[in-house]
Amino acid sequence: MPWGIRSSRTAPLPADWWRRRTIVLKRDGYQCTHIREDTGRRCTEKATDVDHIGEAHDHRIEMLRSLCSWHHNQKTARQGGSRARSGKKSVSHPGLVSD
Ligand SMILES: [Zn+2]
């Protein structure tokens, strides 16, 4: 899956995106920077994507962060909006709870 070619993002990536991307990945140690809300710990997955913290057109190094593909997909899906997969799935059947 090639990156950056004709993606559906609204803001175009800068010409030096690959340089910025490498800087950000190195800075973050090639590890996902997502902080888990339940444990307060950083995700331990390998970072494969660089995400915009702020606006999609704000490409400053300090406004970029490394994410694993899973967390990046999570964010992208949320931004896309129309997909309503917000937590309903985790409700377990009361009869199945054994402890
Ligand atoms: Zn992650």
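Owing to the predicted nature of the structure, the values given are computational and were not obtained by experimental measurement. We count ligands from 1, going down the list as the structure has it; atoms in each ligand are counted the same way.
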So which N/O/S atom does His71 have closest to the Zn ion (ligand 1)? ND1
N/O/S of Cys32 less than 2.8 Å from the Zn ion (ligand 1)? yes
Just to confirm my numbers, could you give the angle made at the Zn ion (ligand 1) by SG of Cys43 and SG of Cys68, rounded to 10°? 120°
Mark yes when over 12 heavy atoms from residues, nucleotides or ligands other than Glu55 sit less than 6.0 Å from its CD; otherwise mark no. no
Would you name the heavy atoms of Arg60 and Asp58 that are closest together and state the gap between them? NH2-OD2, 2.7 Å
Of Asp28, Asp49, Asp51, Thr48, which meets side chain to side chain donor-acceptor pair (under 3.5 Å) against Ser66? Asp28
Glu45 versus His71: any side-chain heavy-atom pair under 4.5 Å? no
